[in-house]
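Note that the structure is a prediction, hence the values are computed from the model and not measured. FYI, side chains are in, hydrogens and waters are out, and symmetry mates aren't considered; it's all heavy atoms of this structure. Just so we're on the same page: letters track the sequence lines, and every chain starts at 1.
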Amino acid sequence: MVKVIKVGMADLQSSVHPCIITTLGLGSCVGVALYDPVKKVAGLAHIMLPSSQQARNNSNIAKFADTAIVKLVQDMVALGAEKSRLVAKLAGGAQMFSFADGTSEMLRIGARNVAAAKEVLDSLRIPVISEDTGGNYGRTIEIHSDDGRLKIKTIGHGTKEI
Amino acid sequence: MVKNINDLNSIHIDVLKEIGNIGAGNAATALAKLLNRKVDMDVPRVKIMGFREVSETLGNPELPVVGIMLKVTGDLTGNILFVLKQQAAVLLVNMLMGKPTDEEGDDEGHVFDELEISALKEIGNILAGSYLSSLSALTNLNIAPSVPGLAIDMAGAILSVPAIEFGKVGDSVLYIETEFTEGDKRVVGDFFLIPDVDTYSVLMKALGVSF
């Protein structure tokens, strides 16, 4: 029986093989899945906001793209992963609601989360090898430690693997 | 010092519950008139939750639901979210349009057409409008809802939207939740008022409670 680890909102988890790490009902938040294909160490962060610098309270580092990804990499290295081998897959960052005045900051948060995650990954030299981001629908995602595939389930937009 | 959710004491919580009571009472009456049926509500709950619990507020985070969201603007800011199970949304639309509902039918896979979606948005408009107008009368604050946005998706994805704003100021959220029921205690939906943390003090002050 493969161990299934759940990641909540503003949370991050990592594990050695064999495991499945999942997060349910991802909306505007972005899911960042990291994987070391040699050591088969997998990690997943469920990120709410782009930057800890703009927040009044940044004690929970799993909440922000800039701090969560750095922490996830540290955790995975501690489990035996090699930073230079890590690859990233992204999912989420949707805009669940659209309003007539669709310009408000809160509504574009999904796109900003994705952009921030990419920037942080780029600065850490971790390549984003695939993504399923944007749109206006929620996603449940799971990363499998055997080959690093990221399975994505939706309502009305099918199921896929990236 | 900037006030936070943790600074709320039991009196503040009671005030928020009472706001839910008055607002939702008014909204239930409006919904009853609209449907020409008896609509009941339960005692409002002030839910203070960590982010990890938000997506499970209504049980399974992957449950398909209809979410109608309005932004609250004016002296008091925040969000209103009305969440209906798919089946309840079908029932509500049918009642409103005078169409029969297959009571035994499985409406899980129902695809809402444009007319039904605008009917659901209008229900959101009416509920939010009556909730906020009673709140406005009570507090003398100027409060207005935006046009509604609608999403049909996983409960977790919908419930997380108003939570994101809380992430900037703390690690918990506060939702004032009231459940509406119709007929034989069939749940119609859950109505959430989610005031921004920054406006708690405005709200308390308007009601003469120190914060």
Side-chain angles (χ1 to χ4, degrees), chain A residues 6-13 22-31 46-65 92-102 104-110 112-113 135-141 153-157, chain B residues 2 4-6 49-58 60-71 73 77-79 81 86 108-109 111-112 121 124 145-173 196-198:
Chain A
K6 260 196 197 176
V7 178
M9 195 175 179
D11 185 17
L12 57 84
Q13 300 288 336
T22 182
T23 193
L24 308 178
L26 201 58
S28 310
C29 296
V30 63
H46 183 147
I47 293 164
M48 281 175 78
L49 289 161
S51 167
S52 63
Q53 303 302 312
Q54 296 153 14
R56 229 192 279 161
N57 175 328
N58 52 18
S59 55
N60 177 4
I61 57 174
K63 222 159 40 176
F64 308 100
Q95 179 173 328
M96 298 303 297
F97 292 92
S98 54
F99 295 91
D101 66 337
S104 103
E105 185 205 16
M106 187 185 90
L107 298 167
R108 285 185 298 107
I109 196 78
R112 288 174 47 220
N113 278 334
N136 61 352
Y137 52 90
R139 297 166 173 91
T140 281
I141 61 173
K153 287 187 275 182
T154 66
I155 291 179
H157 296 269
Chain B
V2 181
N4 217 322
I5 289 177
N6 304 330
M49 306 173 276
F51 293 123
R52 278 166 221 196
E53 299 153 63
V54 170
S55 62
E56 288 166 11
T57 313
L58 298 176
N60 178 5
E62 292 184 286
L63 186 77
V65 297
V66 176
I68 304 160
M69 195 167 103
L70 302 94
K71 284 160 61 92
T73 57
T77 61
N79 292 288
L81 182 62
Q86 190 104 344
E108 281 281 297
V111 179
F112 294 95
K121 281 188 184 171
S146 71
V147 291
L150 183 138
I152 301 165
D153 217 299
M154 299 180 190
I158 285 173
L159 287 160
S160 71
V161 175
I164 290 178
E165 279 299 297
F166 286 89
K168 292 179 190 164
V169 291
D171 286 306
S172 45
V173 302
D196 287 342
V197 174
D198 293 338

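Atoms CE and CE, from B/M49 and A/M9 in turn, are 10.0 Å apart once rounded to the nearest 0.5 Å.
Shown here are the side chain to side chain contact (heavy atoms under 4.5 Å, CB included) partners of A/T154, two or more places apart in sequence or in another chain: A/Y137, A/R139, A/I152, A/H157.
Using a 4.5 Å heavy-atom cutoff, the side chains of B/E62 and A/K153 are in contact. Proximity of B/N79 to A/F97: side-chain heavy atoms (C-beta onward) are nowhere separated by under 4.5 Å. Counting heavy atoms from C-beta outward, A/K63 and B/D171 have side chains that approach closer than 4.5 Å.
Chain A forms more heavy-atom pairs under 4.5 Å with one residue of B/A163, B/G170, B/G50, B/G67 than with any other, namely B/G170.
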For residues 148-160 of chain B, dump all side-chain donor-acceptor pairs below 3.5 Å to protein atoms at least two apart in sequence or in another chain.
{"residue": "B/D153", "atom": "OD1", "partner": "A/G138", "partner atom": "N", "Å": "3.2"}
{"residue": "B/D153", "atom": "OD2", "partner": "A/G138", "partner atom": "N", "Å": "2.9"}
{"residue": "B/S160", "atom": "OG", "partner": "B/G156", "partner atom": "O", "Å": "3.4"}
{"residue": "B/S160", "atom": "OG", "partner": "B/A157", "partner atom": "O", "Å": "2.9"}

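Only the side chain of A/L49 comes within contact range of chain B, judged by heavy atoms closer than 4.5 Å. Residue B/E53: no heavy atom, backbone or side chain, is found under 4.5 Å from chain A.
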